[in-house]
Trainee: 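Encoded as structure tokens, here's the structure I'll be asking about.
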Amino acid sequence: MVKPNLFLVYVTDVERATAFYRDLFDLEPAMLTPRYVPFEVAPGVLFALWSGRAEQVTPQVPRTSEVGLMVPGSGSAVDRIFAEWSAKGVTVVEEPFDDVFGRTFVIADPDGNLIRVSPLD
């Protein structure tokens with residue numbers, strides 16, 4: 001069975017985005033190229049930054065999809081990550097709150113791409 005194994009996030013400045021995600025996830029890229037930088041997030045699964053379409057990434061284009069991080073533990077685990085990331089100066093879109101699936105919050109990367117943290121399903 002074929003399963004998705006590459007998740008691209010469009011960015012305007014691949015170096016700036018690489019620094020942001022390297023610091024946010026505390027993870028080194030699998031390789032560096034001028035327009036494409038992948039991070040291996042699980043064996044055979046890549047989260048990658050792509051600036052090949054940077055002209056289509058503008059602040060005027062609303063971001064409606066999200067990169068999701070489901071973390072083990074209770075709502076306090078979500079709050080702990082929020083505190084860590086807030087200390088790094090991230091752009092907060094939604095402060096932590098309780099939703100139908102548990103505690104969650106949303107931040108944005110420098111290009112406005114959304115990142116949601118929530119508990120494991």
Side-chain angles (χ1 to χ4, degrees):
M1 172 184 264
V2 178
K3 296 180 183 179
N5 60 4
L6 174 61
F7 301 91
L8 291 172
V9 173
Y10 286 25
V11 299
T12 55
D13 182 330
V14 79
E15 288 182 25
R16 176 184 69 186
T18 299
F20 176 84
Y21 284 102
R22 176 189 282 140
D23 183 50
L24 190 69
F25 298 152
D26 193 25
L27 184 65
E28 289 299 317
M31 68 177 193
L32 298 170
T33 73
R35 297 186 312 158
Y36 173 79
V37 176
F39 294 83
E40 188 171 29
V41 294
V45 180
L46 298 176
F47 168 83
L49 308 172
W50 171 241
S51 67
R53 298 240 172 144
E55 72 282 355
Q56 295 177 356
V57 180
T58 67
Q60 294 76 29
V61 176
R63 303 300 190 268
T64 57
S65 60
E66 300 175 351
V67 171
L69 281 78
M70 297 190 316
V71 298
S74 64
S76 62
V78 172
D79 288 338
R80 195 168 33 259
I81 292 171
F82 180 78
E84 289 173 19
W85 288 5
S86 292
K88 294 179 179 188
V90 298
T91 300
V92 175
V93 176
E94 290 182 328
E95 300 260 341
F97 67 98
D98 294 319
D99 209 330
V100 295
F101 50 84
R103 193 92 172 136
T104 188
F105 69 88
V106 178
I107 67 163
D109 75 5
D111 286 298
N113 295 301
L114 302 176
I115 304 157
R116 177 180 298 278
V117 176
S118 62
L120 283 172
D121 284 343

Trainee: Which class fits the ring pair W50 and Y36: parallel under 30°, tilted 30 to 60°, perpendicular over 60°?
Mentor: perpendicular
Trainee: Taking atom CZ of F20 and atom CG of N113, what is their separation to the nearest 0.5 Å?
Mentor: 9.5 Å
Trainee: Could I get the full list of salt bridge (Lys or Arg N to Asp or Glu O under 4.0 Å) partners for K88, not counting sequence neighbours?
Mentor: D23
Trainee: Tell me the closest heavy-atom pair linking L49 and F47, and the distance in Å.
Mentor: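 Closest approach of L49 to F47, heavy atoms only: CD2-CE2, 4.1 Å.
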Trainee: So do the side chains of F25 and F39 get within less than 4.5 Å of each other, counting heavy atoms only?
Mentor: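 The answer is no, as the side chains (C-beta and beyond) never meet within the 4.5 Å cut-off.
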Trainee: Taking all non-hydrogen atoms of both residues into account, name the closest pair between F97 and R116 and its distance.
Mentor: CZ-NH1, 4.5 Å
Trainee: Rounded to the nearest 0.5 Å, what's the gap from CZ on R22 to CG on L32? Could you check?
Mentor: 6.0 Å
Trainee: What pair of heavy atoms forms the shortest contact from P38 to M31, and how long is it?
Mentor: CD-O, 3.5 Å
Trainee: Does F101 have any ring pair (Phe, Tyr, Trp, His ring centres under 6.0 Å) partners at least two apart in sequence or in another chain, and if so, which?
Mentor: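 Residues passing ring pair (Phe, Tyr, Trp, His ring centres under 6.0 Å) with F101: none at all.
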Trainee: Taking atom CD as the centre, does E15 end up with more than 12 heavy-atom neighbours from other residues, nucleotides or ligands that are less than 6.0 angstrom away?
Mentor: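 It does not: E15 CD has 12 such atoms or fewer within range.
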Trainee: Supply the atom-to-atom distance L24 CG to I107 CD1, rounded to the nearest 0.5 angstrom.
Mentor: 4.5 Å
Trainee: To the nearest 0.5 Å, how far apart are CG in L114 and OG1 in T91?
Mentor: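 These two atoms lie 11.0 Å from each other.
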Trainee: Taking all heavy atoms of G102 and all of P119, pick out the closest pair and write down the distance.
Mentor: CA-CG, 4.0 Å
Trainee: With rounding to the nearest 0.5 Å, note down the distance linking CG in D111 to OH in Y10.
Mentor: 13.0 Å
Trainee: Is the number of heavy atoms from other residues, nucleotides or ligands within 6.0 Å of CG (D98) greater than 12?
Mentor: yes
Trainee: Apply the test side-chain contact (heavy atoms from CB on, under 4.5 Å) to residues V37 and Y21: give CA-CA distance (whole Å), side-chain angles for both, the deciding distance (0.1 Å), then the verdict.
Mentor: CA-CA 10 Å; V37 176; Y21 284 102; over 6 Å; no
Trainee: Assign the ring pair W85 / F105 to parallel, tilted or perpendicular, where the plane angle (0 to 90°) is split at 30° and 60°.
Mentor: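 Perpendicular: the ring planes of W85 and F105 meet at over 60°.
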Trainee: Knowing that exactly one of T18, D13, T12 qualifies, which makes a side chain to side chain donor-acceptor pair (under 3.5 Å) with R16?
Mentor: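 Among T18, D13, T12, the one that satisfies the side chain to side chain donor-acceptor pair (under 3.5 Å) with R16 is T12.
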Trainee: Taking distance alone, no hydrogens or angles, what donor-acceptor pairs closer than 3.5 Å link side-chain atoms of residues 67-84 to residues at least two apart or in another chain?
Mentor:
| from | atom 1 | to | atom 2 | distance (Å) |
| --- | --- | --- | --- | --- |
| S74 | OG | S76 | N | 3.3 |
| S74 | OG | S76 | OG | 2.8 |
| D79 | OD1 | R103 | NE | 2.9 |
| D79 | OD1 | R103 | NH2 | 3.3 |
| D79 | OD2 | R103 | NE | 3.3 |

